[in-house]
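For reference, the structure discussed in these notes is given below.
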Amino acid sequence: MLGEARTCEAVVTSRMITCCVRGHSMTDAIKVAVRIRPLNKQELDAGHSFAWNVQGNTLNANDSRDAKYTLDHIFGPEWTTRQIYEVATKGLLDKVISGFNSTVFAYGQTSSGKTFTMRGSDQEQGLIPLAVREIFELLNGCQDREFLLRVSYMELYNEEVNDLLAPQNTKLPVHESKEQGVYVCGLREDIVTCPEAVLSLLAEGEANRHIGATKMNDTSSRSHTVFRMVVESRMRDAEGSDAAAILVSTLTLVDLAGSERVAKTGAEGIRMKEGTAINKSLLTLGNVINKLSEGALSTGGHIPYRDSKLTRILQPSLGGNAKTAIICAMTPAACHVEESHSTLRFACRAKRVVNNAVVNEVLSDAAVLKRQAKEIEELKKRLEGSGMSAEVVGQIGHLRGQLLRSEQENELMRIKLEEEKQEREKAQKQVEVARKMMFEGGPSREDLVASAKRNNRRETWCPGGKAGWAAPPGAGVLTAAGPGPH
Ligand SMILES: Nc1ncnc2c1ncn2[C@@H]1O[C@H](COP(=O)(O)OP(=O)(O)OP(=O)(O)O)[C@@H](O)[C@H]1O
């Protein structure tokens, strides 16, 4: 069952009275696997051989080069997507439920099997549908939390962002804010309550993505696609307590378009223009990975995230706040050995990139203050027990003073916001009454009662404002007991 669609912009205003805090963090290198597809008919017909040797998680080519590539996993043609899912990506999903962002993307030359891996085929489900089903299973097992899920699906086509769930939304701008980080403005998000709803949205989006035939692939992706699931959750019955933090995390699943050589794809006209845009953005991705693998983040070096929309959108997943896995797809054919070496060099560099994922919590200001007060009191008790110095007592006094000032500022801000809200609502009501007088001879009693009720509603954090945790008609908050309003 689908819920209402919302745009991302709503988040900015509704977050004014909240605070994003970072819970515990996990520093981890990006996990990189290689998937080698079987030789295809075209390659077999042309007499090309299987040009690679796999030994455990090391790979080398049957060529004159001495290059050996060691990665987290190497999956030969005998591996099914489900097996790859279990080994390489399943672990990331538990982390999404615990508030960490996770990203999986497929990289590789055209026709190497990226879409087959991510989306799947009629015969075999891809990583995206497998992950979607698993997420719902996991959250159904979480008895103590309730969940709200939203999905979006976009493509980057010729350096423009298009909304695959609302094809009229094209050329969407990419913005950055302190609260939200990098985000696509105006992208449609649908609330979802079951895997079938997500899969049907995926199919809807799929019909809108740019696909075209080249000499190397009859159904070549001409755009990068980014499917995102936002998982919000909170403890049941935690309203008003310092445990009332909302965890907000994202699962991002990306099917990149493949790098291509015009000589091999035979691309002309529009296909060639697409190929140029694809190669350009992949080049930037390669540059970002290069810089990160050389440690540019820790030395303050420039990382060219802004050189393409792809790297801007993937920024948190590359050296940032996310747990990331990359599946590098490659063909084993001898005729493409150059491209495969290039994919593997990318893979080895990506493996050296370290991310720092944190639990993403959103607290109301009141809850933040409550938590700080509790921490100070705990600290004080611990120090009292250990015979603390006058200096430490002074520090605690200072912290308390700071807390008091924050509380006062917070209260002033709250009063100001409340006054502004009332002013807005009053003005709105006056306009409504004037309109009724003009067109209908005055508001009905029911309208006045409904309007009074509306004004008494509580503001919630959730984007979309008053829809919040109260499930909108036909949509809603997911609970461990299953979909439905709570
Ligand atoms: N592991 C596999 N087993 C069997 N067939 C595969 C496998 N991987 C890919 N294929 C087949 O190879 C062809 C190309 O795969 P796919 O479209 O996934 O490539 P791609 O990397 O996404 O290409 P592009 O970058 O051009 O979009 C498809 O017909 C697909 O079904």
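Whatever order the structure lists them in is the order used to number ligands and atoms, beginning at 1. A quick note: this is a predicted structure, and the numbers were derived from the prediction, not measured.
Salt bridge absent: Glu159 and Lys171 never bring a charged side-chain N and a carboxylate O closer than 4.0 Å. One finds a salt bridge joining Arg188 and Asp190 here, because a Lys/Arg side-chain nitrogen approaches an Asp/Glu carboxylate oxygen to under 4.0 Å. Under the 4.0 Å criterion applied to side-chain N and carboxylate O atoms, Arg145 and Glu232 are not assigned as salt-bridge partners. Salt bridge status for Glu176 with Arg312: present, with a side-chain N to carboxylate O gap under 4.0 Å.
Residue-ligand proximity: Pro38 is placed with a non-hydrogen atom under 4.0 Å from ligand 1. For Arg222, the closest heavy-atom approach to ligand 1 does not fall below 4.0 Å. For Ser112, the closest heavy-atom approach to ligand 1 falls below 4.0 Å.
Among protein heavy atoms, the minimum distance from atom 27 (O) of ligand 1 is reached at Ser221 N, 2.7 Å. In this structure, the protein non-hydrogen atom closest to atom 19 (O) of ligand 1 is Gly113 N, 3.2 Å. Distance from atom 26 (O) of ligand 1 to its nearest protein heavy atom, with residue and atom name: Thr110 OG1, 2.5 Å. Taking atom 5 (N) of ligand 1 as the reference point, the nearest protein heavy-atom neighbour is Phe116 CE1, 3.9 Å. Protein heavy atom closest to atom 21 (O) of ligand 1, with residue, atom name and distance, is Lys114 NZ, 2.7 Å.
When only interatomic distances are considered, the shortest N/O to N/O separation between Thr117 and ligand 1 does not fall below 3.5 Å.
Here is the list of ligand 1 atoms found below 4.0 Å of a heavy atom in Gly258: 25 (O). Numbered from 1 in the order shown, with element, the atoms of ligand 1 that lie under 4.0 Å from a heavy atom of Ser220 read 24 (P), 26 (O), 27 (O).
Here Cys348 contributes atom SG and Tyr69 contributes atom OH; the two are 7.0 Å apart, rounded to the nearest 0.5 Å.
Crowding of Arg82 atom CZ: a count of heavy atoms from other residues, nucleotides or ligands under 6.0 Å not exceeding 12.
Residues Val104 and Tyr85 are not in side-chain contact: their nearest non-hydrogen atoms beyond the backbone lie 4.5 Å or more apart.
When heavy-atom distances to ligand 1 are checked against a 4.0 Å cut-off, Gln109 comes that close only through its backbone atoms N, CA, C and O. Contact annotation: for Asn217 versus ligand 1, heavy atoms closer than 4.0 Å belong to the side chain alone. The proximity of Ser121 to ligand 1, defined as any non-hydrogen pair under 4.0 Å, does not occur for either the backbone or the side chain.
Thr81 and Arg35 share a side-chain donor-acceptor pair at under 3.5 Å.
Across every non-hydrogen atom of Cys328 and Ala347, the tightest pair is SG-CB, 3.7 Å.
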